[in-house]
Amino acid sequence: MIHINNLSVKFNDLKVLDNIVLDVNKGEIVHILGPNGSGKTTLIKILLGLIRPTSGQVVVGSKKIGYLPQIIKVNNNFPTTVAEVIYSGFAKQSLLMKSSQLKLIATWLNKMQIPDLINKQFNELSGGQRQRVLLIRAIIAKPDILVLDEPTSALDPEFRKRFYEIIDELHAQGMTILNITHDLDSNYVDCSNNVLYLDRSIKFYGSYCDYLKDYSSKEHHHHVD
(Lines give C-alpha, C1' and ligand atoms only; values in the text may rest on other atoms or scores of the structure.)
Protein backbone atom coordinates (compact mmCIF):
# COMPACT_ATOMS: atom_id res chain seq x y z
CA MET A 1 0.00 0.00 0.00
CA ILE A 2 2.92 2.32 0.77
CA HIS A 3 6.37 1.95 -0.73
CA ILE A 4 9.14 4.37 0.23
CA ASN A 5 12.67 4.06 -1.05
CA ASN A 6 15.70 6.19 -0.07
CA LEU A 7 13.48 9.09 0.91
CA SER A 8 15.22 12.19 2.19
CA VAL A 9 13.74 15.58 3.01
CA LYS A 10 15.74 18.74 3.62
CA PHE A 11 14.45 22.11 4.76
CA ASN A 12 17.20 24.58 3.92
CA ASP A 13 20.23 22.65 5.18
CA LEU A 14 18.43 20.68 7.82
CA LYS A 15 17.82 17.02 7.04
CA VAL A 16 14.44 16.20 8.51
CA LEU A 17 14.22 12.70 7.04
CA ASP A 18 17.31 10.76 6.12
CA ASN A 19 17.24 7.79 3.75
CA ILE A 20 13.89 6.28 4.76
CA VAL A 21 13.14 2.82 3.35
CA LEU A 22 9.70 1.56 4.30
CA ASP A 23 6.99 -0.76 3.02
CA VAL A 24 3.54 -0.91 4.55
CA ASN A 25 1.22 -3.63 3.31
CA LYS A 26 -2.51 -3.28 2.86
CA GLY A 27 -4.39 -3.78 6.10
CA GLU A 28 -1.45 -3.18 8.42
CA ILE A 29 -1.62 -0.90 11.42
CA VAL A 30 1.56 1.03 12.14
CA HIS A 31 2.11 3.15 15.24
CA ILE A 32 4.71 5.84 14.56
CA LEU A 33 6.78 6.91 17.54
CA GLY A 34 9.69 9.27 17.96
CA PRO A 35 10.83 12.43 19.73
CA ASN A 36 9.56 15.89 18.77
CA GLY A 37 11.18 17.10 15.57
CA SER A 38 11.92 13.53 14.48
CA GLY A 39 10.15 13.94 11.13
CA LYS A 40 6.93 12.08 11.94
CA THR A 41 4.59 14.79 10.65
CA THR A 42 6.85 15.42 7.65
CA LEU A 43 6.59 11.74 6.71
CA ILE A 44 2.79 11.94 6.89
CA LYS A 45 2.73 15.12 4.79
CA ILE A 46 4.81 13.38 2.13
CA LEU A 47 2.28 10.52 2.01
CA LEU A 48 -0.56 13.03 1.74
CA GLY A 49 1.24 14.80 -1.11
CA LEU A 50 1.57 18.05 0.84
CA ILE A 51 5.39 18.06 0.72
CA ARG A 52 7.69 16.87 -2.05
CA PRO A 53 10.67 14.69 -1.17
CA THR A 54 14.13 16.19 -1.69
CA SER A 55 15.17 12.81 -3.05
CA GLY A 56 13.91 9.24 -3.16
CA GLN A 57 10.77 7.49 -4.24
CA VAL A 58 7.32 7.40 -2.64
CA VAL A 59 4.50 5.28 -4.02
CA VAL A 60 1.13 5.32 -2.29
CA GLY A 61 -1.29 2.69 -3.57
CA SER A 62 -4.47 4.69 -3.11
CA LYS A 63 -5.72 8.25 -3.36
CA LYS A 64 -8.40 7.49 -0.78
CA ILE A 65 -6.73 8.69 2.39
CA GLY A 66 -8.52 9.79 5.54
CA TYR A 67 -6.56 12.23 7.65
CA LEU A 68 -7.01 13.40 11.22
CA PRO A 69 -4.64 16.35 11.70
CA GLN A 70 -3.07 17.15 15.03
CA ILE A 71 -3.82 20.85 15.07
CA ILE A 72 -7.44 21.67 14.54
CA LYS A 73 -7.97 25.15 13.18
CA VAL A 74 -11.46 26.46 13.65
CA ASN A 75 -12.77 29.62 12.10
CA ASN A 76 -15.12 30.90 14.78
CA ASN A 77 -16.77 33.42 12.49
CA PHE A 78 -17.80 30.74 10.07
CA PRO A 79 -20.77 28.86 11.48
CA THR A 80 -20.72 25.20 10.67
CA THR A 81 -22.54 22.32 12.30
CA VAL A 82 -21.09 18.98 13.30
CA ALA A 83 -23.10 17.32 10.50
CA GLU A 84 -21.58 19.74 7.94
CA VAL A 85 -18.04 19.15 9.15
CA ILE A 86 -18.45 15.39 8.83
CA TYR A 87 -20.24 15.73 5.49
CA SER A 88 -17.16 17.45 4.07
CA GLY A 89 -15.40 14.09 4.45
CA PHE A 90 -17.51 12.42 1.76
CA ALA A 91 -15.84 12.12 -1.62
CA LYS A 92 -18.78 13.56 -3.55
CA GLN A 93 -20.84 16.36 -2.11
CA SER A 94 -23.97 17.98 -3.40
CA LEU A 95 -25.97 20.94 -2.18
CA LEU A 96 -28.12 18.81 0.09
CA MET A 97 -27.07 15.84 2.17
CA LYS A 98 -28.73 12.59 1.17
CA SER A 99 -30.78 10.95 3.90
CA SER A 100 -28.50 7.89 3.65
CA GLN A 101 -25.51 10.12 4.40
CA LEU A 102 -27.26 11.76 7.32
CA LYS A 103 -28.12 8.31 8.66
CA LEU A 104 -24.50 7.25 8.36
CA ILE A 105 -23.36 10.42 10.15
CA ALA A 106 -25.85 9.74 12.95
CA THR A 107 -24.68 6.12 13.22
CA TRP A 108 -21.08 7.21 13.60
CA LEU A 109 -21.90 9.90 16.15
CA ASN A 110 -23.60 7.16 18.10
CA LYS A 111 -20.54 4.92 17.85
CA MET A 112 -18.40 7.81 19.10
CA GLN A 113 -20.79 8.31 22.01
CA ILE A 114 -21.78 11.86 20.99
CA PRO A 115 -25.21 11.25 19.37
CA ASP A 116 -26.72 14.56 20.46
CA LEU A 117 -24.12 16.77 18.78
CA ILE A 118 -25.26 16.42 15.17
CA ASN A 119 -26.73 19.94 14.88
CA LYS A 120 -24.38 21.64 17.33
CA GLN A 121 -21.96 24.32 16.13
CA PHE A 122 -18.53 22.76 15.71
CA ASN A 123 -16.76 25.73 17.30
CA GLU A 124 -18.76 25.26 20.51
CA LEU A 125 -17.42 21.75 21.11
CA SER A 126 -14.68 20.78 23.53
CA GLY A 127 -11.30 19.65 22.16
CA GLY A 128 -12.11 16.00 22.77
CA GLN A 129 -15.48 16.29 21.05
CA ARG A 130 -13.91 18.03 18.04
CA GLN A 131 -11.38 15.27 17.79
CA ARG A 132 -14.13 12.63 17.71
CA VAL A 133 -16.03 14.57 15.04
CA LEU A 134 -12.91 14.93 12.90
CA LEU A 135 -12.16 11.24 13.32
CA ILE A 136 -15.61 10.48 11.89
CA ARG A 137 -14.89 12.92 9.05
CA ALA A 138 -11.66 11.04 8.31
CA ILE A 139 -13.33 7.62 8.12
CA ILE A 140 -16.80 8.40 6.76
CA ALA A 141 -15.82 7.80 3.13
CA LYS A 142 -14.17 4.43 3.95
CA PRO A 143 -10.63 5.38 2.96
CA ASP A 144 -8.04 2.73 2.08
CA ILE A 145 -5.50 4.46 4.31
CA LEU A 146 -6.27 6.24 7.57
CA VAL A 147 -3.66 8.65 8.91
CA LEU A 148 -3.95 9.80 12.52
CA ASP A 149 -1.66 12.48 13.95
CA GLU A 150 -1.63 12.27 17.77
CA PRO A 151 -5.31 11.30 17.86
CA THR A 152 -5.49 10.54 21.56
CA SER A 153 -3.90 13.79 22.75
CA ALA A 154 -7.28 15.50 23.29
CA LEU A 155 -9.33 12.44 24.13
CA ASP A 156 -10.63 11.83 27.60
CA PRO A 157 -9.25 8.63 29.14
CA GLU A 158 -12.62 6.86 29.26
CA PHE A 159 -13.12 7.44 25.54
CA ARG A 160 -9.61 6.30 24.66
CA LYS A 161 -10.61 2.66 25.07
CA ARG A 162 -13.56 3.17 22.69
CA PHE A 163 -11.26 4.94 20.25
CA TYR A 164 -8.92 1.95 20.07
CA GLU A 165 -11.89 -0.41 19.67
CA ILE A 166 -13.02 1.60 16.64
CA ILE A 167 -9.50 1.56 15.20
CA ASP A 168 -9.40 -2.23 15.70
CA GLU A 169 -12.73 -2.61 13.89
CA LEU A 170 -11.47 -0.59 10.93
CA HIS A 171 -8.23 -2.58 10.96
CA ALA A 172 -10.24 -5.82 10.95
CA GLN A 173 -12.11 -4.56 7.88
CA GLY A 174 -8.79 -4.27 6.04
CA MET A 175 -8.07 -0.56 6.40
CA THR A 176 -4.40 0.43 6.47
CA ILE A 177 -3.80 2.66 9.48
CA LEU A 178 -0.88 4.93 10.37
CA ASN A 179 -1.08 6.32 13.88
CA ILE A 180 1.41 8.91 15.13
CA THR A 181 1.39 8.65 18.89
CA HIS A 182 3.49 9.28 21.95
CA ASP A 183 1.73 6.83 24.17
CA LEU A 184 1.48 3.21 23.16
CA ASP A 185 -0.86 1.69 25.68
CA SER A 186 -0.33 -2.04 26.01
CA ASN A 187 -4.00 -2.34 27.03
CA TYR A 188 -4.94 -1.50 23.46
CA VAL A 189 -2.00 -2.41 21.27
CA ASP A 190 -1.07 -6.00 20.49
CA CYS A 191 1.49 -7.94 18.47
CA SER A 192 -0.51 -7.75 15.27
CA ASN A 193 0.36 -4.04 15.32
CA ASN A 194 3.61 -2.69 13.95
CA VAL A 195 5.77 0.02 15.44
CA LEU A 196 7.92 2.48 13.51
CA TYR A 197 10.37 4.38 15.67
CA LEU A 198 11.53 7.40 13.74
CA ASP A 199 14.24 9.88 14.60
CA ARG A 200 15.08 11.43 11.22
CA SER A 201 15.99 7.93 10.13
CA ILE A 202 14.23 4.68 10.99
CA LYS A 203 15.56 3.35 14.30
CA PHE A 204 13.14 0.44 14.52
CA TYR A 205 10.42 -1.08 12.37
CA GLY A 206 8.69 -4.30 13.32
CA SER A 207 5.96 -5.85 15.42
CA TYR A 208 4.92 -4.32 18.72
CA CYS A 209 6.20 -7.38 20.58
CA ASP A 210 9.66 -7.17 19.00
CA TYR A 211 9.65 -3.48 19.80
CA LEU A 212 8.99 -4.20 23.48
CA LYS A 213 11.56 -6.98 23.52
CA ASP A 214 14.39 -5.46 21.52
CA TYR A 215 13.99 -1.75 21.31
CA SER A 216 12.09 0.01 24.04
CA SER A 217 14.47 -1.25 26.74
CA LYS A 218 17.47 -0.01 24.71
CA GLU A 219 15.75 3.25 24.03
CA HIS A 220 15.63 4.05 27.73
CA HIS A 221 19.37 3.51 27.95
CA HIS A 222 19.92 6.08 25.21
CA HIS A 223 18.41 8.74 27.42
CA VAL A 224 20.92 7.99 30.18
CA ASP A 225 24.00 8.67 28.06
Side-chain angles (χ1 to χ4, degrees), residues 1-7 9 17 20-34 39-53 56-72 85-94 97-98 100-112 131-152 155 162-181 184 188-196 198 202 205-208:
M1 189 53 87
I2 297 169
H3 172 71
I4 298 177
N5 198 18
N6 298 346
L7 165 73
V9 178
L17 290 173
I20 304 290
V21 176
L22 177 68
D23 282 300
V24 178
N25 297 321
K26 182 182 181 336
E28 285 185 337
I29 180 163
V30 181
H31 300 285
I32 303 175
L33 304 173
K40 301 186 297 276
T41 301
T42 302
L43 180 64
I44 292 308
K45 285 185 169 162
I46 292 247
L47 295 175
L48 293 167
L50 302 172
I51 299 179
R52 294 183 73 95
Q57 184 196 27
V58 178
V59 181
V60 181
S62 174
K63 292 262 188 291
K64 286 178 66 180
I65 302 179
Y67 175 47
L68 176 64
Q70 182 180 2
I71 312 287
I72 301 161
V85 168
I86 296 172
Y87 182 65
S88 70
F90 283 108
K92 289 196 175 65
Q93 291 150 37
S94 51
M97 291 183 216
K98 298 193 186 88
S100 61
Q101 291 173 320
L102 265 171
K103 264 204 197 92
L104 188 58
I105 290 173
T107 305
W108 269 110
L109 286 167
N110 238 342
K111 271 192 188 184
M112 293 283 177
Q131 201 129 21
R132 294 188 207 188
V133 167
L134 290 174
L135 178 58
I136 299 174
R137 177 179 180 264
I139 53 193
I140 198 94
K142 294 206 174 96
D144 295 319
I145 302 170
L146 177 62
V147 176
L148 308 165
D149 194 347
E150 297 280 7
T152 52
L155 294 179
R162 181 77 193 107
F163 167 80
Y164 278 106
E165 283 168 4
I166 289 165
I167 294 305
D168 278 344
E169 276 171 38
L170 296 169
H171 180 214
Q173 291 162 16
M175 197 178 282
T176 307
I177 300 170
L178 303 181
N179 176 36
I180 294 183
T181 182
L184 268 190
Y188 310 127
V189 178
D190 65 32
C191 294
S192 70
N193 294 190
N194 285 347
V195 172
L196 170 66
L198 188 66
I202 292 177
Y205 184 52
S207 82
Y208 175 62

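The basis for the numbers below is simple: all heavy atoms, side chains too, and nothing from hydrogens, waters or symmetry mates.
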Heavy atoms from other residues, nucleotides or ligands near NZ of Lys111 exceed 12 (cutoff 6.0 Å): yes

Minimum side-chain heavy-atom gap Val9-Ile46 below 4.5 Å: yes

Qualifying residue, where the test is side chain to side chain contact (heavy atoms under 4.5 Å, CB included) with Val24 and the options are Thr176, Leu47, Ile29: Thr176

Qualifying residue, where the test is side chain to side chain contact (heavy atoms under 4.5 Å, CB included) with Ile4 and the options are Val60, Ile202, Leu43: Leu43

Euclidean distance, Leu33 CG relative to Asn179 CG, rounded to 0.5 Å: 9.0 Å

Smallest separation among heavy atoms of Leu146 and Ala138, with atom names: CD1-CB, 3.8 Å

Shortest non-hydrogen contact between Lys92 and Gln101, atoms and distance: O-NE2, 4.0 Å

Ile166 side chain reached by Trp108 side chain, heavy atoms, under 4.5 Å: yes

Atom of Arg137, atom of Ser88 and distance for their closest heavy-atom approach: NE-OG, 2.7 Å

Closest heavy-atom pair and its distance - Ala141, Ala91: CB-N, 4.2 Å

Shortest non-hydrogen separation from Gly66 to Pro143 and the atoms involved: N-CB, 3.3 Å

Approximate separation, where rounding is to 0.5 Å, of Asp149 CG and Leu68 CG: 8.0 Å

Value rounded to 0.5 Å, distance of CG in Asp168 from CG in Asn193: 7.0 Å

Interatomic distance, Ile177 atom CD1 to Leu148 atom CG [nearest 0.5 angstrom]: 7.0 Å

Residue pair Ile86 / Val133, side-chain heavy-atom distance below 4.5 Å: yes

Non-hydrogen atoms of Tyr87 and Ser94 that approach each other most closely: OH-N, 2.8 Å

Beyond-backbone contact of Asp144 with Ile65, side-chain heavy atoms, under 4.5 angstrom: no

Check: Lys40 side chain, Ile32 main-chain N or O, donor-acceptor pair, under 3.5 Å: no

CD on Glu150 to OG1 on Thr181, rounded to 0.5 Å: 5.5 Å

Pairwise distance CG(Leu135) to CG(Leu170) - rounded to 0.5 angstrom: 8.0 Å

Donor-acceptor pair, side chain of His31 and main chain of Leu178, under 3.5 angstrom: no

